[in-house]
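Structure, as structure tokens:
Residue numbers run from 1 in the order of the sequence given. No experiment lies behind these values; they were computed from the predicted model shown.
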Amino acid sequence: MSATDQERQNEQQRVETVITEISNRITDLEQQVQVVSEDIVGIRKHFWDDVTVNFEDATEAIETYVSIKQQAEVLSERERSQRHAQNQLRTMQRLMHSPYFGRIDFHEETEPGSERIYLGIASLLDKNDEHFLIYDWRAPISSLYYDYSPGPAHYDTPSGVVSGKITCKRQYIIRDGQLLHMFDTGVTIGDELLQEVLGKQADSQMKSIVATIQRDQNRIIRNEKSRLLIVSGAAGSGKTSAALQRVAYLLYRYRKTLTAEQIVLFSPNSLFNSYISTVLPELGEENMQQTTFQEYAQHRLGDSFSLENSLEQMEYVLTAHDEPDYEARLAAIRCKSSAPFLRVMNQYADRLMRGGIVFRPISFRQGTLISAAHIQELFYSHDTSLPIPNRMALVARALLAEVKQLERRERSKPWVEDEVQLLDKDAYVAAYQQLRRKKQFRDDSFDDFDREQELLAKRVVKQHFQPVRDSIASLQFIDIQATYRQMYADQALLDQLLSDEPSLSSAAWPAICSLTLECLDQGKLTQEDIPPYLYLQERLEGKQTNNLVRHVFLDEAQDYSAFQFALIKNLFPRAKMTVLGDWNQAIYAHAAHDESFGTVSSLFEPEETETFVLTKSYRSTLPIVRFTKQLVAGGEQIEPFNRDGRMPTVTKVHSDAELTQQIVERVKKLSANGHKTIAVITKTAAEAEKAHQSLAALLPIRLITTSTLSYDTGNLVIPSYLAKGVEFDAVILYDASAKSYSRESERKLFYTACTRAMHELHLYYRDAKTFLLDHVSASSYEHLETDN
């Protein structure tokens with residue numbers, strides 16, 4: 001037997017030994033869970049049997065409380081034990097399938113020999129709890145595996161830097177207890193392992209990448225110092241995957257002080273949240289909070305407006321070219337989302353400190369209780385150097401005092417006496433008991449009818465005034481909508497505000513203002529107006545803050561406006577921020593001319609910020625990346641991973657019927673070749689509905705819309721902007737014709753759609769193909785044409 005064969009046999013024996021230990025641990029944990037579960041059932045069943053209940057006097061009541069508290073604590077402790085054992089059991093079950101994926105032999109400088117360190121998704125000690133059979137991939141020593149090739153190496157620990165030498169670095173592919181492959185490698189995770197992992201079929205949910213983390217990704221994952229971490233990466237470079245592993249690392253590294261509830265991920269849409277929802281549970285961690293900016297806006301604005309979402313805006317931009325206000329709307333989207341317009345809004349808020357805020361009158365019973373003019377006078381009577389929210393708080397306090405006086409006067413009004421007469425018996429009894437308590441120190445008689453009526457009147461008026469007090473406390477006397485509106489209604493004012501921002505100079509402003517006023521009057525808030533409106537609201541009312549959240553992740557951050565960055569930073573003032581994006585996938589109109597993260601960087605100190613650029617694309621095969629990198633400026637910087645595959649095809653068809661036939665045949669062929677997730681990507685939602693109607697009659701295929709809650713494997717039709725961030729085994733671009741993709745502004749959308757493909761990419765067109773393919777080398781795809 002050769003040395004290599006002997007080494008492989010030894011490694012297989014170790015796999016079997018470790019799996020035996022895992023199996024034993026699973027058996028013990030299952031028994032522990034069963035015993036604890038039985039204890040919990042017993043405690044709940046006999047809870048009150050073991051509690052002495054006696055409320056005869058204060059001493060007995062205290063003893064009863066202590067007895068109940070002790071029994072509740074016993075139950076709580078058993079429930080905690082059950083949860084802990086169940087979590088451990090789930091971890092062991094995951095390790096059972098594939099206990100570890102890597103090994104390094106590390107010779108520490110101060111030690112006589114090398115230690116073999118095996119890495120997996122969780123740690124495992126031997127049966128005596130003395131030696132690690134497996135190290136968690138997030139442990140400090142595990143960073144050696146991702147950062148160094150054999151030779152000198154060091155890693156950081158809480159107690160200092162440990163230096164030494166890596167004498168061996170090995171990777172494994174283990175499935176169901178069998179060592180399928182093993183190979184030694186250098187600094188990067190070996191191509192063999194990546195080929196095996198990346199060559200698999202796409203799933204309906206994102207996979208964990210701990211076995212294939214690259215050096216740059218590892219630096220992102222383990223970064224603990226930066227308050228702002230910017231990750232700019234090509235399509236398929238692993239940005240989102242690295243971010244999720246970063247969440248898992250932070251939860252492990254700070255497990256005593258950080259919980260999943262203190263981490264928030266802002267993602268592009270709810271569908272994407274479903275796609276990534278299994279990554280952290282696979283690693284034994286709870287999912288962090290997941291939301292979208294639209295959900296945050298809906299929460300803040302409530303039912304004040306009908307809010308347009310970003311996907312509705314996108315559909316408008318892609319389909320409404322012939323509408324008369326299209327160019328004005330496009331200019332509004334770009335201007336209102338920019339950093340210069342953020343400065344304009346700050347100028348406007350500064351002016352409002354001296355005058356111009358619109359207030360609502362405070363009404364009561366269809367009449368004006370306190371006029372808007374009085375509130376305005378009250379506000380501007382305060383020192384103008386005080387911030388607006390501080391002055392609003394002072395105004396609210398003064399208004400509540402005035403309401404208290406008005407409340408007293410209201411008690412003698414005829415309507416109050418009428419309502420007193422209609423009160424039920426319970427109200428009279430309550431009034432009697434209250435008066436009795438007040439009179440008990442003087443006499444026991446109760447003949448004060450006037451005082452009873454006075455008390456009942458007080459109750460009636462107080463109840464009617466409660467909504468008034470609530471509205472004042474929540475600052476509803478500020479008319480934010482009218483204050484926002486007047487900036488667009490007063491052209492002279494807007495011209496003054498825009499005078500210092502030449503980049504916003506546009507002949508379209510009168511049309512922009514007209515569109516804005518029309519929407520506001522209809523109770524609608526367009527997507528481009530939501531962030532500046534919320535920002536002005538914060539400047540007037542004060543910032544809403546969440547000091548519990550410690551880490552915020554923004555995915556697809558190239559789609560965020562200057563206002564959105566500022567609002568999120570204000571909302572989570574104590575949080576570190578991880579920002580992920582790719583400017584080649586900036587598909588929204590407002591992002592077209594702002595290819596940097598300078599806006600979010602300006603919110604942090606330079607020394608607090610670190611930027612990583614990921615240029616290597618792992619998602620797609622080499623032929624697909626060679627094709628797609630030619631679609632965008634700077635694409636030559638994208639490095640394809642060397643995974644072979646079929647060349648993309650570009651096929652000309654001559655009719656809609658022929659297009660449907662060709663796509664049906666292609667889908668069937670792809671399915672026969674083992675592809676599980678095949679996406680027919682259309683440009684718009686309207687086109688997706690049309691494609692689905694024609695295809696669904698001939699093969700099983702699902703339509704993905706904005707209301708779809710989750711992806712499933714299988715055949716699907718999806719609009720281009722909903723596919724962003726997701727990957728599919730094969731992608732069919734439904735219409736790559738010159739008529740469909742006719743504008744330079746659609747280049748990044750086209751690129752984004754093409755880069756969703758992992759293994760195969762097929763484009764179809766009628767008449768003439770899009771000009772976006774003009775600079776793509778003909779040798780990088782196969783051109784086909786159907787027979788007439």
Side-chain angles (χ1 to χ4, degrees), residues 17-53 62-100 118-140 142 158 208 210 244-245 247-263 277-290 548-551:
T17 300
V18 170
I19 286 181
T20 299
E21 180 60 34
I22 294 170
S23 179
N24 293 338
R25 198 70 58 89
I26 289 173
T27 301
D28 292 343
L29 286 167
E30 287 174 339
Q31 293 174 353
Q32 183 180 341
V33 168
Q34 182 178 354
V35 170
V36 175
S37 298
E38 291 171 356
D39 286 350
I40 290 172
V41 171
I43 293 170
R44 287 174 176 168
K45 186 176 181 180
H46 302 288
F47 188 94
W48 294 106
D49 297 343
D50 299 325
V51 172
T52 303
V53 180
I62 291 172
E63 289 183 3
T64 297
Y65 168 75
V66 171
S67 178
I68 293 173
K69 187 172 183 291
Q70 287 175 341
Q71 193 71 353
E73 286 175 350
V74 170
L75 177 60
S76 179
E77 187 278 328
R78 301 311 290 157
E79 288 174 337
R80 282 195 299 272
S81 296
Q82 183 190 42
R83 286 194 298 270
H84 181 66
Q86 286 174 331
N87 289 337
Q88 284 189 310
L89 180 58
R90 283 192 288 267
T91 299
M92 291 301 110
Q93 288 167 341
R94 283 190 292 270
L95 286 176
M96 190 76 174
H97 173 64
S98 181
Y100 47 85
Y118 290 83
L119 283 71
I121 63 167
S123 295
L124 177 68
L125 288 161
D126 62 17
K127 59 184 177 182
N128 298 319
D129 287 343
E130 292 178 353
H131 303 289
F132 279 97
L133 298 176
I134 306 170
Y135 281 86
D136 192 299
W137 68 275
R138 297 165 291 185
S142 301
S208 167
V210 293
L244 294 173
Q245 316 304 315
V247 173
Y249 171 77
L250 291 168
L251 289 171
Y252 173 87
R253 174 70 176 82
Y254 299 101
R255 52 193 176 277
K256 293 182 179 178
T257 58
L258 184 69
T259 66
E261 293 179 350
Q262 295 173 298
I263 302 175
S277 62
T278 59
V279 174
L280 287 172
E282 275 184 14
L283 299 173
E285 301 291 355
E286 292 182 27
N287 261 323
M288 69 267 141
Q289 297 185 67
Q290 293 171 245
L548 296 178
V549 169
R550 292 290 183 266
H551 287 271

Student check: side-chain heavy atoms of N87 and T91 closer than 4.5 Å: no

Count the heavy atoms belonging to other residues, nucleotides or ligands that lie under 6.0 Å from NE2 of H84, then report whether that count exceeds 12. no

Heavy-atom check, side chain of L89 versus side chain of E30, under 4.5 Å: yes

For residues I134 and P99, report the shortest heavy-atom separation together with the two atoms involved. CD1-O, 3.3 Å

Kindly indicate, with the supporting measurements, whether the criterion side chain to side chain contact (heavy atoms under 4.5 Å, CB included) is fulfilled by I263 and L258. CA-CA 8 Å; I263 302 175; L258 184 69; 4.0 Å; yes

Is any side-chain heavy atom of N287 closer than 4.5 Å to one of P281? yes

For the residue pair M96 and I19, establish whether any side-chain heavy-atom pair is separated by less than 4.5 Å. yes

Donor + acceptor pair across side chains of S81, E77 (<3.5 Å): yes

Could you check R25 against L124 for side chain to side chain contact (heavy atoms under 4.5 Å, CB included), going step by step and ending with a plain yes or no? CA-CA 10 Å; R25 198 70 58 89; L124 177 68; 3.7 Å; yes

For E261, look at atom CD and say whether over 12 heavy atoms of other residues, nucleotides or ligands are found less than 6.0 Å away. no

Note: Y252 and E285 closest approach over all heavy atoms is N-OE2, 4.3 Å

Expected output: side-chain Q262 to main-chain T259 donor-acceptor under 3.5 Å: yes

Under a plain distance cut-off of 3.5 Å, with no hydrogens placed, do R80 and S76 share a side-chain donor-acceptor pair? yes

The residue among E286, Q245, M288 that forms side chain to side chain contact (heavy atoms under 4.5 Å, CB included) with L280 is M288

Within-4.5 Å side-chain heavy-atom neighbours: R138 and R253: no

